[in-house]
Number of protein chains: 2
Amino acid sequence: MSDPIKVLLADDQALVRGALAALLALESDLTVVAEVGRGDEVVDRARESGADVCLLDIEMPGLDGIAAAAAVREALPGVRTLIVTTFGRPGYLRRALEAGASGFVVKDTPARQLAEAVRRVHAGLRVVDPSLATESLVDGANPLTEREREVLRVALDGGTVAAIAARVHLSPGTVRNHLSSAIGKTSTSTRAEAARVARERGWL
Amino acid sequence: MSDPIKVLLADDQALVRGALAALLALESDLTVVAEVGRGDEVVDRARESGADVCLLDIEMPGLDGIAAAAAVREALPGVRTLIVTTFGRPGYLRRALEAGASGFVVKDTPARQLAEAVRRVHAGLRVVDPSLATESLVDGANPLTEREREVLRVALDGGTVAAIAARVHLSPGTVRNHLSSAIGKTSTSTRAEAARVARERGWL
DNA sequence: TCGTGACCGTGACAGCTGTCATCTCCTGGG
DNA sequence: CCCAGGAGATGACAGCTGTCACGGTCACGA
């Protein structure tokens with residue numbers, strides 16, 4: 001039998017991190033060599049520990065899991081990344097694959113499938129949650145422009161147009177134009193609704 | 001040595017559920033006797049399995065963890081409940097304790113403390129995340145009335161006042177009055193912001 | 001019994017929002 | 001070269017929103 005697969009775990013919730021470590025420790029061909037709670041520590045710790053596969057949550061402080069996957073791709077081309085996340089938003093899948101992730105699994109897949117996903121990714125295969133793959137095709141690509149996304153992200157907090165304009169350094173009129181455009185593209189009628197829909201689809 | 005403590009796990013994410021089971025299985029004095037993914041299955045499965053302690057996530061379909069704790073308290077008075085949740089919102093802690101939960105732990109506590117929390121709860125002790133306990137006192141009680149909460153919950157989706165009014169069966173004018181009152185109580189300036197703040201504080 | 005407060009509603013008003021037309025500037029195809 | 005499209009901005013307009021004042025009902029405790 002060959003050497004065990006070395007795994008790095010990245011999740012901001014310590015309890016989940018420890019629990020996943022316990023779960024993977026049950027597999028004799030896997031070994032957890034590093035655990036981090038922030039996205040911006042992934043590359044350094046992966047290098048130090050000589051990890052083969054990085055399990056990355058998306059919601060993390062410092063750097064989100066998708067950006068961390070891109071950073072790993074850049075700095076350590078031989079290391080595979082597998083996104084493990086709570087939210088199966090179609091846009092996340094697309095962006096994860098664009099960032100060079102080898103796999104995408106949501107947190108409500110059965111526990112025993114996780115180890116298998118790690119093995120497949122390590123073997124150079126792609127692992128994609130099948131239910132999401134189809135949904136991703138149906139939803140199509142992200143229609144929002146960069147500025148529209150930026151404005152919508154700020155609009156999530158719920159402030160007035162004037163407050164949004166101040167935070168993105170634009171004129172209030174321009175902000176309203178971008179919001180109006182985003183409202184149209186999301187088939188909604190208020191900016192709060194548009195922001196919610198865009199977030200749910202992983203467009204932000 | 002006495003019999004192991006029988007634990008029921010409730011979390012809507014199968015991966016987290018399985019991982020927590022693996023984590024607790026490392027402790028020789030604990031045994032996971034049931035796992036459920038919905039709040040409304042907790043009481044039945046706890047009864048069947050003869051669980052001593054129920055670990056409950058808050059975000060669950062069917063019945064949320066706090067309501068599930070109340071249901072367990074009602075149907076199985078001898079069974080202790082321990083809330084294990086992602087969000088350390090002060091209002092959640094208060095409501096959890098009011099619902100009869102014996103403990104409240106957030107998911108970024110260290111993994112090894114979970115088993116200890118289970119033991120303490122089983123022994124009849126209260127376990128409360130210390131950082132939250134103080135924060136809960138600072139924030140004070142939920143100042144929103146029942147109607148204000150209802151209107152704010154619907155307002156989270158971001159629709160117009162007319163849409164909210166239709167969903168709660170009130171006149172648009174009344175909805176605006178409730179929203180205005182809620183905006184004042186949250187020290188915000190728009191209903192979207194008020195809804196966000198109220199949700200973050202666990203007031204909804 | 002009275003006062004208090006939650007609740008529901010109406011009407012009015014200032015201000016904010018969403019939409020549209022229009023303009024300029026810049027960039028990347030064809 | 002010209003054109004399309006993103007970005008930034010302005011002005012106008014109808015409609016929506018947040019606020020306030022006011023009136024009414026009901027339940028609860030003093």
Side-chain angles (χ1 to χ4, degrees), chain A residues 91 94-95 98 139-204, chain B residues 91 94-95 98 139-204:
Chain A
R94 178 188 323 276
R95 282 163 51 202
E98 283 169 0
D139 262 33
N142 184 342
L144 301 176
T145 69
E146 172 56 33
R147 270 292 181 276
E148 284 161 3
R149 288 205 302 276
E150 182 180 3
V151 171
L152 274 187
R153 274 194 296 270
V154 177
L156 277 176
D157 285 349
T160 64
V161 168
I164 297 172
R167 283 173 62 184
V168 296
H169 306 296
L170 289 175
S171 104
T174 302
V175 168
R176 286 199 283 159
N177 285 338
H178 286 309
L179 288 174
S180 183
S181 172
I183 288 171
K185 288 176 179 175
T186 51
S187 305
T188 53
S189 55
T190 68
R191 64 177 181 282
E193 211 173 346
R196 181 179 59 83
V197 168
R199 187 189 52 198
E200 284 172 1
R201 295 190 185 162
W203 287 352
L204 306 185
Chain B
R94 178 190 323 275
R95 282 161 51 201
E98 284 169 0
D139 262 34
N142 185 341
L144 302 175
T145 69
E146 172 57 32
R147 269 293 183 273
E148 285 161 1
R149 289 204 302 276
E150 182 181 2
V151 171
L152 275 187
R153 273 194 297 269
V154 177
L156 278 176
D157 285 349
T160 64
V161 167
I164 297 172
R167 283 173 62 184
V168 298
H169 307 295
L170 288 175
S171 104
T174 303
V175 168
R176 287 199 282 158
N177 285 338
H178 286 309
L179 287 174
S180 182
S181 172
I183 288 170
K185 288 176 179 175
T186 51
S187 304
T188 53
S189 55
T190 69
R191 64 174 180 281
E193 209 173 348
R196 181 179 59 82
V197 167
R199 187 188 52 200
E200 284 172 0
R201 296 191 183 160
W203 287 352
L204 304 185

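In what follows, chains carry the letters A, B, and so on, assigned in the order in which the sequence lines appear, proteins first and then strands, with residues in each chain numbered from 1.
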*Who pairs with A:E200 by salt bridge (Lys or Arg N to Asp or Glu O under 4.0 Å), at least two apart in sequence or on another chain?*
A:R196
*Please give the angle, rounded to 10 degrees, between the axes at the start and the end of the helix from C:dT1-D:dA30 to C:dG30-D:dC1, where five pairs define each axis.*
30°
_4.5 Å side-chain heavy-atom contact, B:R94 and B:N142_ = no
*Could you tell me whether B:R153 and B:E150 make a salt bridge, using a distance below 4.0 angstrom between a side-chain N and a carboxylate O?*
no
*asked:* Checking A:T190 now: which residues fulfil side-chain hydrogen bond (donor to acceptor under 3.5 Å, both in side chains) with it, not counting sequence neighbours?
replied: none
*Residues A:E98 and A:R95 bridged, charged N to O under 4.0 Å*: no
*Expressed in angstrom and rounded to an integer, what is the separation of A:I164 atom CD1 from C:dG18 atom C1'?*
13 Å
*Test item: B:L156 and B:L204 side chains (from C-beta on) under 4.5 Å apart, heavy atoms*: yes
*Just one of B:L152, B:V197, B:T188 clears the side chain to side chain contact (heavy atoms under 4.5 Å, CB included) bar with B:I183, so which one?*
B:T188
*Once you round it to whole Å, what is the distance between P of D:dT19 and NZ of B:K185?*
13 Å
*Check DNA chain D against residues 144-158 of chain A and give the residues with a non-hydrogen atom under 4.0 Å, in numerical order.*
A:T145, A:E146, A:R147
_Spacing of B:R147 atom CZ and B:L170 atom CG [to the nearest 0.5 Å]_ = 5.5 Å
*Separation of B:L170 atom CG from D:dG24 atom C1', in whole Å?*
16 Å
*With respect to the phosphate group of C:dC7, does any side-chain polar atom (N or O) of B:H178 fall under 4.0 Å of OP1 or OP2?*
no
Would you give me the side-chain donor-acceptor pairs under 3.5 Å for residues 158-165 of chain A, sequence neighbours excluded?
| from | atom 1 | to | atom 2 | distance (Å) |
| --- | --- | --- | --- | --- |
| A:T160 | OG1 | A:A163 | N | 3.2 |

*Protein-nucleotide distance (A:I183, atom CD1; C:dC20, atom P), rounded to Å*: 11 Å
Close N/O contacts between protein and nucleotides 10-16 of chain C (under 3.5 Å):
| from | atom 1 | to | atom 2 | distance (Å) |
| --- | --- | --- | --- | --- |
| C:dT10 | OP2 | B:S171 | OG | 3.4 |
| C:dT10 | O4 | B:N177 | ND2 | 3.1 |

*Just how far is it from atom CD of A:E148 to atom OG1 of A:T186, taken to the nearest 0.5 Å?*
9.5 Å
*Rounded to the nearest 0.5 Å, how far does NE2 of A:H178 lie from CD of A:E146?*
10.5 Å
